[in-house]
Amino acid sequence: MLLENKVMLITGASKGIGRGIAVGAAKHGAKIGINYAGDDAAASATVAEIKAAGGEAFALKGDVSDPQSAKDFIQAGVDHFGKIDSFVSNAGICPFHAFLDMPQEVLERTLRVNLHGAWYMSQAAANQMVKQGHGGTLIAVSSISALVGGEYQTHYTPTKAGVLSLMQSTAIALGKHGIRCNALLPGTILTDINKDDLADDAKRQYMESRTCLGRLGQPEDMAGPAVFLASDLAGYVTGASLLVDGGLFVNLQ
Ligand SMILES: NC(=O)C1=CN([C@@H]2O[C@H](COP(=O)(O)OP(=O)(O)OC[C@H]3O[C@@H](n4cnc5c(N)ncnc54)[C@H](O)[C@@H]3O)[C@@H](O)[C@H]2O)C=CC1
Ligand SMILES: C[C@H](O)[C@@H]1OC(=O)[C@H](O)[C@@H]1O
């Protein structure tokens with residue numbers, strides 16, 4: 001149990017990678033708060049799964065692109081559990097679209113959710129941790145897409161590079177408060193965000209063939225790395241990025 005007596009809040013955790021991290025961290029003893037955008041049933045199911053396994057959890061609906069949501073989520077964490085030890089900024093969208101005719105609203109919504117959302121949430125969490133006075137950890141779910149591009153992701157990949165950079169700069173700003181800030185860089189993980197894209201068998205098989213371990217990732221694959229970064233095992237790890245991609249990035253030829 002690496003997170004006993006720790007409180008972890010996670011954005012966008014009703015499903016996908018956020019849910020995988022929430023359930024995995026709860027198995028390691030963390031008390032969990034999840035933010036989610038819209039699917040009440042999915043959020044309730046995540047909370048129920050954690051509680052059924054003997055853990056503690058709550059869910060709060062909120063749009064991460066609204067700065068007030070960040071304040072409300074942090075306050076809810078304190079109201080439920082009295083403190084926040086670890087904050088995972090995970091919520092994100094990737095509406096695949098070509099570059100040359102990208103609608104302005106698609107670009108701006110992607111920036112607001114993925115980058116502004118991570119920024120507001122990380123700032124609100126950090127302020128709470130500084131007030132508590134015993135350090136903490138920020139984790140941002142960036143991506144392999146912070147390192148490499150995507151033809152239909154010209155609006156998305158800069159947000160993933162942005163949250164990686166956010167963790168590097170917050171590591172500098174918050175080290176003096178004992179707050180460690182790191183980025184997780186998933187490869188291709190099977191979730192709703194890429195369900196349509198990977199419904200194309202040829203694309204999916206190509207992505208699998210590029211991955212050294214021979215399979216695409218599952219949300220559960222992200223739990224261990226997140227638990228590690230949040231735990232005292234990673235006590236001297238800050239400003240770092242952890243690529244969790246089954247060997248996708250290194251496989252050029
Ligand atoms: N699935 C993948 O291959 C990869 C995903 N990522 C990142 O992982 C994160 C999670 O994505 P997935 O689990 O794959 O997708 P998903 O679509 O399964 O989950 C996204 C989550 O974000 C939430 N969300 C979306 N907009 C929101 C908003 N405005 N406010 C609050 N919550 C909001 C959704 O409700 C959902 O819980 C994203 O930041 C994504 O960029 C990074 C690398 C690879
Ligand atoms: C949504 C994509 O399939 C996914 O998102 C990422 O960040 C990965 O690099 C994949 O492109």
Side-chain angles (χ1 to χ4, degrees), residues 9-23 33-47 59-70 72-73 88-97 108-118 120-122 139-164 166-167 183-200 203-204 206-208 210-211 215-223 225-226 241-246 248-249:
L9 301 195
I10 309 161
T11 64
S14 57
K15 59 180 182 160
I17 290 171
R19 180 183 176 132
I21 292 173
V23 171
I34 69 169
N35 149 276
Y36 67 104
D39 189 341
D40 298 324
S44 299
T46 303
V47 168
L60 184 70
K61 191 188 279 193
D63 181 342
V64 296
S65 70
D66 174 1
Q68 186 60 42
S69 288
D72 294 345
F73 189 35
V88 183
S89 180
N90 165 76
I93 56 172
C94 183
F96 286 76
H97 205 289
E108 290 185 358
R109 182 68 185 154
T110 305
L111 295 172
R112 290 208 167 276
V113 172
N114 295 7
L115 188 52
H116 293 214
Y120 296 137
M121 283 284 179
S122 299
I139 298 169
V141 179
S142 170
S143 172
I144 190 175
S145 297
L147 310 177
V148 287
E151 180 176 359
Y152 297 99
Q153 295 176 306
T154 58
H155 51 328
Y156 172 80
T157 59
T159 68
K160 296 286 113 178
V163 297
L164 168 58
L166 175 63
M167 289 299 103
L184 276 175
L185 278 60
T188 298
I189 311 293
L190 293 164
T191 70
D192 285 353
I193 208 171
N194 49 29
K195 200 171 52 182
D196 294 340
D197 187 47
L198 296 174
D200 175 352
K203 168 93 186 257
R204 185 182 164 130
Y206 170 71
M207 295 305 291
E208 284 167 353
R210 289 280 311 263
T211 307
R215 65 170 179 89
L216 300 181
Q218 296 292 339
E220 299 71 33
D221 290 318
M222 299 308 303
S241 53
L242 179 50
L243 186 60
V244 187
D245 71 343
L248 177 60
F249 181 74

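Ligands are counted one by one from 1 in listed order, and the atoms in each one are counted from 1 as well. We're numbering straight along the sequence, starting at 1.
Remark: ligand 1 atoms within the under-4.0 Å shell around heavy atoms of T188 are 3 (O). Less than 4.0 angstrom separates some heavy atom of Y156 from each of these atoms of ligand 2: 5 (O), 6 (C), 7 (O). Close approach of ligand 1 to D192 is summarised as follows: ligand atoms under 4.0 Å from at least one heavy atom of the residue are 18 (O). Less than 4.0 angstrom separates some heavy atom of Y156 from each of these atoms of ligand 1: 6 (N), 7 (C), 40 (C), 41 (O), 42 (C). Heavy-atom contacts of F96 reach the following atoms of ligand 2: 1 (C), 2 (C), 3 (O) (cutoff under 4.0 Å). Those atoms of ligand 1 with a heavy atom of N90 less than 4.0 angstrom away are 8 (O), 9 (C), 10 (C), 38 (C), 39 (O). When each atom of ligand 1 is checked for a heavy atom of G16 under 4.0 Å away, the hits are 13 (O), 18 (O). The ligand atoms of ligand 1 that sit less than 4.0 angstrom from a heavy atom of V113 are 26 (N), 29 (N). With ligand atoms numbered from 1 in the order given, ligand 1 contributes 20 (C), 22 (O), 25 (C), 38 (C), 39 (O) to contacts under 4.0 Å with heavy atoms of G92. Interface of I144 with ligand 2, defined as ligand atoms under 4.0 Å from a residue heavy atom, comprises 9 (O). Under a 4.0 Å criterion applied to the non-hydrogen atoms of S143, ligand 2 contributes the atoms 6 (C), 7 (O), 8 (C), 9 (O). Atoms of ligand 1 lying under 4.0 Å from any heavy atom of I93, numbered from 1 in the order shown and given with element: 25 (C), 26 (N). Atoms of ligand 2 found under 4.0 Å from any heavy atom of I193, numbered from 1 in the order shown, are 1 (C).
Using modelled atom types, one side-chain atom of N114 and one backbone atom of I93 make a donor-acceptor pair closer than 3.5 Å.
Nearest heavy-atom pair, L184 versus P225, reported as atom, atom and distance to 0.1 Å: CD2-CB, 3.6 Å.
In this structure, of T46, I189, T191, the residue bringing a heavy atom nearest to atom 3 (O) of ligand 1 is I189. Nearest to atom 44 (C) of ligand 1 by heavy atom, out of S65, S143, A43, G187, is G187. Here the shortest heavy-atom distance to atom 31 (C) of ligand 1, taken over G62, C94, S142, belongs to G62.
A distance of 8.0 Å separates CD1 in I34 from CZ in R19, rounded to the nearest 0.5 Å.
Counting heavy atoms closer than 4.0 Å to ligand 1, residue N35 contributes side-chain atoms (C-beta onward) but none from N, CA, C or O. Under 4.0 Å from ligand 2, the heavy atoms of Q153 that appear belong solely to its side chain.
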